[in-house]
Enquirer: 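Sharing a structure with you now.
All values below come from the heavy atoms of this structure, side chains included, with hydrogens, waters and symmetry mates left out. Chain letters run A, B, ... following the sequence lines, proteins first and then strands; every chain starts at 1.
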There are 2 protein chains.
Amino acid sequence: MTSQQQTTTQFSRIQLIQYQLLKHFPVLDVTGAPAAAHWQSKVAVLLGSQRAGRGGHELVNRRALGQTRAMKPVSGKAPSFTKKSPESTLAMKPVSRYAQVLMVVMAAFQRSHGGNSVRCPSPFRNNREVGPMPQRGETTIQDIADHAHVSKSTVSRVLNRSSRVNEDKRAAVLEAMKTLGFEPNLVARSLAGGRSMTLGVLTQNIGSPFYDALSQGVIRGLAGTGYSPLFVDGQWQQSTEAESIRTLIGRRVDGLLLIGGDVPVEDLNDLRERIPTIVVAREIKGWENHCIHVDNVQAGYDATRHLIDFGHRRIALLRGIKEHPDAIHRFEGYVKALEEAGIKFDPELVFQGDFSGQSGVMAVNSLVAKGTHFTAIFAANDMVAFGARLALSRHGLRVPEDVSLVGFDDQAEAAFATPPLTTIKQPAVEMGTAAARAIVNLIHDQPYELACLPVELMKRESVARLR
Amino acid sequence: MTSQQQTTTQFSRIQLIQYQLLKHFPVLDVTGAPAAAHWQSKVAVLLGSQRAGRGGHELVNRRALGQTRAMKPVSGKAPSFTKKSPESTLAMKPVSRYAQVLMVVMAAFQRSHGGNSVRCPSPFRNNREVGPMPQRGETTIQDIADHAHVSKSTVSRVLNRSSRVNEDKRAAVLEAMKTLGFEPNLVARSLAGGRSMTLGVLTQNIGSPFYDALSQGVIRGLAGTGYSPLFVDGQWQQSTEAESIRTLIGRRVDGLLLIGGDVPVEDLNDLRERIPTIVVAREIKGWENHCIHVDNVQAGYDATRHLIDFGHRRIALLRGIKEHPDAIHRFEGYVKALEEAGIKFDPELVFQGDFSGQSGVMAVNSLVAKGTHFTAIFAANDMVAFGARLALSRHGLRVPEDVSLVGFDDQAEAAFATPPLTTIKQPAVEMGTAAARAIVNLIHDQPYELACLPVELMKRESVARLR
DNA sequence: CTGTTAGCGCATTCAT
DNA sequence: ATGAATGCGCTAACAG
């Protein structure tokens, strides 16, 4: 089955023609199926006033039918009218865009059927009552206005509650919106109103637990504010991020929430001048009240300290990607805790890697292969910890009896690992929420606070006292 | 520090005023810092022609400055001009929106400084050469056109490569776009062009592995097509989903990709008539070429069969949420495999739950508490399997020696569980990619195929032969 | 309180 | 090949 099926709607095109003609041009007798050419000229007369200087050709551009391929111009028969033409002036009435659609549809229909005369089977033929039509998603406030016998402005006012409206008219408008199935065009609204009520959210690798938790927090924080988030994925690649941000700006989002990411600081500074921006989970100098993040140094310190408190002195650090600021800060915390406890820092115990499970496996394998003595591991994140834990068990090392293990992030799986993993919990959801609220306030030029949230050590069962 | 900082840009407001005045009204001598009131009336004269019937008050709406709070009207001094007024006609020139901004800025500045005379320190004072200005994100094709001495149309043509343009002009336009830092307004483009080059993607619970993998697939499949995805989160709640879809439609996305979800089939049918739609990871009757999903019955069968092949006959099923179609289908597969092997179905072995780790824990606890005999578990997803595995170990049951375990989804953590989890891998990324390609073809009315992708049993170490 | 008017920034069509 | 004109659907200022 191919996509041809897709355009099959409840009504055939010719039926739609009839419906619309009946609705907008009751004066035309189309139910009797006159020659299509006849319709054309009639409609053309009505349309003549519509667009001065365009002649009768190509009165419609392709979008009229929601198609993307260009319509060939109608054979040129349709006469050209200018605004001054008395006939057209006479015939002028509120002509909806449907009328334009019709002409094209008719022409297309005529072409595809070869002849110039058309007989139309129709559910409408014997029924001049024209009721509501299944929506094609094209109702506009003008339609509503016509239907409710008010002006567009009034409809707009009802929509936005921007000023008082007479209760009667209000009801009529609401009624019309309901029967016509009106759905406001946010695109037009954004363009006219100069604001889109949308926030761009640049996230990283949809599917990674920490960033997803942040996104969830953002969604939660935005609930009820009237703003909706628009997520794009930066994939931790500068080029993709830049591209995504361009898209967001092109969409005229009212604010930007950048979660993590590698965008150079200079670009960020430029960005901030154009659009309210808040950076989440990344620390940037000079952005004091525009970024929210946890204290990774403290977190690294806490985790290491916890192990030290349990008697460990040979603590392996499986830090993440070398340049990643989070990894660097956690490393600093690790070093600080060691120093404070008077433990000599041993580079043999530190492994670079990425944030993957495989990276944990490899680190442990290497540790064991080199025969390095260690009694505990502090992993860059939970995934690395899982990898390490697997590798340990492969080598017959038990957790926590032989080796203690601490992760980072407290992703959902951590609590159900065997044994449940002791890990640093980042308040990801809370950060997302806070950031969302902050950006809304920032946009409205309201004051707000963006506190550095504390991390929490989730003590579970992967850490044991060293005997 | 509060958000007041945000509006601090590289240039002060008064500098911006001067810049703009110099650029648009070189005839005015503003560098000498005349009284602000003087400027006001001068600009007002120029602006008089701009908007007939508006008087001199509140010439600017709030968006002009990107602010959201209303500007108080200028004190009322500015005279009112109509289009007929000879002075204003005389002074008419292409007045940019900046001019409007200026007036407001000036008024605000004047108010905030109390006096009516202003001396402005300015980098522009001694420099009548007006170069490029740091972008405020407001450059339009008109600006480009002015700068390149061509018409808007030509700029548009260059932008869209929609028709040949003289190489010289083309270069000039490109040059202008670069120096002015032009960024096309996608909102306006969507409105005018009738298509947004955006696809709405309704996903469920950002942060759940399977749906995130699908999203990643979508991103991948869309790369290079010119379409960009717009993610919204349905949270597995009908109301939220409906709301999200409305938003997407309001944004005039060109197509819809619904990943999972609970939207009633009738609504879906309505939807499909309005907008190209493809449903992912959900099976709907009558949507044969519009939905892509795996064969969950087969998957349930495969997993169960695998356990049976290893000699298990007492296989507990930790199915997911009761009404969830996936859970139902997998259950059917389970039953089918049992029947085929001549094993009597035992309701004691089936547990309802959700898709959480806790649900796995509870099921196993209950199984053990009731003393039900079982040698294997087939879990609704990997997370449930992790929970089950933890509970088993709490009860001293080893995996796979005492109990074999099969999960579902093959999320990243599965391969690093202890022991690595045997699980059903859904081709999530591939499905996402296929769906993305399909929707693009659907939009363009091109044929496409939407195959039912096969699942794969990832045999790892959590299943052992029953002795 | 309501209708009128003028754009928002761009694509597109017709005329040149 | 290029410019002028029109409108996409809506908001908001203005004039009753």
Enquirer: Kindly give the heavy-atom pair with the smallest separation between Leu222(A) and Pro229(A), and that separation in Å.
Expert: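 Nearest pair, atom of Leu222(A) first, then Pro229(A): CD2-CB, 3.8 Å.
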
Enquirer: In whole angstrom, give the distance that lies between atom CZ of Arg251(B) and atom P of dC10(D).
Expert: 14 Å

Enquirer: Through what angle, rounded to 10 degrees, does the axis of the helix from dC1(C)-dG16(D) to dT16(C)-dA1(D) turn between its ends, using five pairs per end?
Expert: 40°

Enquirer: Applying salt bridge (Lys or Arg N to Asp or Glu O under 4.0 Å), which residue pairs with at least one partner in residues 179-194 of chain B are found, sequence neighbours left out?
Expert: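 Listed by first then second residue: Arg246(A)-Glu183(B).
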
Enquirer: Could you identify which residues of residues 154-171 of chain B place a heavy atom less than 4.0 Å from some atom of DNA chain C, listed by residue number, or say none?
Expert: Ser156(B), Arg157(B), Asn160(B)

Enquirer: If I take atom CG in residue Asn185(A) and atom C1' in nucleotide dC8(D), what distance separates them, rounded to the nearest angstrom?
Expert: 8 Å

Enquirer: Compare the minimum distances between each of dG9(D), dT4(C), dC8(D) and the side chain of Ala192(B), then state the nucleotide with the smallest one.
Expert: dC8(D)

Enquirer: Run the side-chain donor-acceptor check on residues 165-178 of chain B: report pairs under 3.5 Å with partners two or more places apart or on a different chain.
Expert:
residue   : atom : partner   : partner atom : Å
Asn166(B) : OD1  : Asp168(B) : N            : 2.9

Enquirer: Can you check the Leu186(B) CG to dC8(D) C1' distance for me, whole Å?
Expert: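 That distance rounds to 16 Å.
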
Enquirer: Between dC8(C) atom P and Ile141(B) atom CD1, what is the distance in whole Å?
Expert: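 Value for this atom pair: 12 Å.
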
Enquirer: For Lys152(B) and His149(B), find the nucleotide of DNA chain D closest to each by heavy atoms; which residue's nucleotide sits nearer the 5' end?
Expert: His149(B)

Enquirer: Treating Thr139(A) as the side-chain partner and Leu180(A) as the backbone partner, does any N or O pair qualify as donor plus acceptor under 3.5 Å?
Expert: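 The answer is yes, because a donor-acceptor pair under 3.5 Å joins these two groups.
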
Enquirer: Whole Å only: how far is the CZ atom of Arg189(A) from the P atom of dC8(D)?
Expert: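 The distance from CZ of Arg189(A) to P of dC8(D) comes to 18 Å, rounded to the nearest Å.
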
Enquirer: Under the side-chain hydrogen bond (donor to acceptor under 3.5 Å, both in side chains) rule, collect the residues that match up with Ser190(A), sequence neighbours excluded.
Expert: none

Enquirer: Quick one: Asp146(B) CG to dG3(D) P, roughly how many Å, whole number?
Expert: 12 Å

Enquirer: When you measure from the side-chain N and O atoms of Thr140(B) to the phosphate of dG9(C), is any distance below 4.0 Å, counting only OP1 and OP2?
Expert: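 No, outside the criterion.
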
Enquirer: Tell me, please, which residues at least two apart from Ser163(A) pass side chain to side chain contact (heavy atoms under 4.5 Å, CB included).
Expert: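 Only Arg157(A) meet the side chain to side chain contact (heavy atoms under 4.5 Å, CB included) criterion with Ser163(A).
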
Enquirer: If I take atom CZ in residue Arg195(A) and atom C1' in nucleotide dC8(C), what distance separates them, rounded to the nearest angstrom?
Expert: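 Rounded to whole Å, this separation is 13 Å.
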
Enquirer: Using whole Å, report how far CZ of Arg252(B) lies from C1' of dC10(C).
Expert: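 Going from Arg252(B) (CZ) to dC10(C) (C1'), I get 17 Å.
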
Enquirer: Can you name the residues that form a side-chain hydrogen bond (donor to acceptor under 3.5 Å, both in side chains) with Ser153(A), not counting sequence neighbours?
Expert: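 In terms of side-chain hydrogen bond (donor to acceptor under 3.5 Å, both in side chains), with neighbours along the sequence ignored, Ser153(A) is linked to no residue.
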
Enquirer: side-chain hydrogen bond (donor to acceptor under 3.5 Å, both in side chains) with Thr247(A): which residues, sequence neighbours excluded?
Expert: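 Applying side-chain hydrogen bond (donor to acceptor under 3.5 Å, both in side chains) to Thr247(A) gives none.
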
Enquirer: Can you sort out the partners of Thr198(A) under side chain to side chain contact (heavy atoms under 4.5 Å, CB included), two or more places apart, ordered by chain and number?
Expert: Ser196(A), Leu230(A), Val253(A), Arg251(B)

